[in-house]
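Count residues from 1 along the sequence. Bear in mind the structure is a predicted one, so any value in this text is a computation, not a measurement.
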Amino acid sequence: QVQLVESGGGLVQAGGSLRLSCVASGRAFNSNAMGWYRQAPGKQRELVTLITSGGNIVYSDSVKGRFTISRDNAKNTVYLQMNSLKPEDTAIYYCKQFPDSWGQGTQVTVSS
């Protein structure tokens, strides 16, 4: 059974940075794409970014140039470096191992 555990969320002022981590277990990590999604209050969950097993990366337009996804296959971990944070980045951030495994989420709150 796949288990994904996120960490690194918190409260930060606008313009600040946070680094999220997601440790995966239970499935061959380096064979699957990994992604970060977020869900703000009253909104649908949306894709933030993903990285394939081959290292190809996709970013949503809203975070391009500010967020960076990376993965360490030796540590079964995917990271999300978030810089220049804005209040509209406030959401619960979820890690996903494709095709269908999710973490429990970590809260990110950006104050203005």
Do [X] and [Y] make a side-chain contact, defined as non-hydrogen atoms from C-beta onward lying under 4.5 Å apart?
| X | Y | value |
| --- | --- | --- |
| Arg27 | Asn76 | no |
| Thr90 | Glu88 | no |
| Leu20 | Tyr79 | no |
| Ile69 | Tyr59 | yes |
| Ser60 | Leu47 | no |
| Ser112 | Pro87 | yes |
| Val108 | Val110 | yes |

Treating Thr49 as the side-chain partner and Val58 as the backbone partner, does any N or O pair qualify as donor plus acceptor under 3.5 Å?
yes
Would you tell me whether Gln104 and Glu6 have side-chain atoms, one donor and one acceptor, within less than 3.5 Å of each other?
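Gln104 vs Glu6: donor-acceptor pair found between side chains.
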Atom [atom1] of [X] and atom [atom2] of [Y]: how far apart are they, to the nearest 0.5 Å?
| X | Y | atom1 | atom2 | value |
| --- | --- | --- | --- | --- |
| Arg19 | Met82 | CZ | CE | 11.5 Å |
| Ile57 | Leu50 | CD1 | CG | 9.0 Å |
| Ile51 | Leu80 | CD1 | CG | 11.0 Å |
| Leu18 | Phe67 | CG | CZ | 9.0 Å |
| Ser101 | Met34 | OG | CE | 8.5 Å |

Just checking, Lys96 and Tyr94: is the charged tip under 6.0 Å from the six-membered ring centre and within 45° of the axis?
no
Within one Ile-Leu-Val-Met-Phe-Trp-Tyr cluster: Tyr93 and Val2, side-chain cutoff 4.5 Å:
yes
In the single-linkage hydrophobic clustering (I, L, V, M, F, W, Y; side-chain heavy atoms under 4.5 Å), do Ile92 and Val23 co-cluster?
no
Should side-chain heavy atoms under 4.5 Å link Ile, Leu, Val, Met, Phe, Trp and Tyr, which residues sit in the same cluster as Leu11?
none
Closest contact, heavy atoms only, [X] versus [Y]:
| X | Y | answer |
| --- | --- | --- |
| Leu4 | Cys95 | CD1-O, 3.8 Å |
| Gln39 | Arg45 | OE1-NE, 3.6 Å |
| Ser21 | Thr77 | CB-CG2, 4.4 Å |
| Ala24 | Phe29 | CB-CD1, 3.6 Å |

Which residues pass the ring-ring contact (aromatic ring centres under 6.0 Å, His included) test with Tyr37, not counting sequence neighbours?
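Expected list: Trp102.
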Would you sort out whether Ser70 and Gln81 count as a side chain to side chain contact (heavy atoms under 4.5 Å, CB included), showing the intermediate values?
CA-CA 8 Å; Ser70 60; Gln81 178 67 43; over 6 Å; no
Give me each pair satisfying salt bridge (charged side-chain N to carboxylate O under 4.0 Å, His left out) with a member in residues 62-79, each pair once, sequence neighbours excluded.
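The answer is Asp61-Lys64, Arg66-Asp89.
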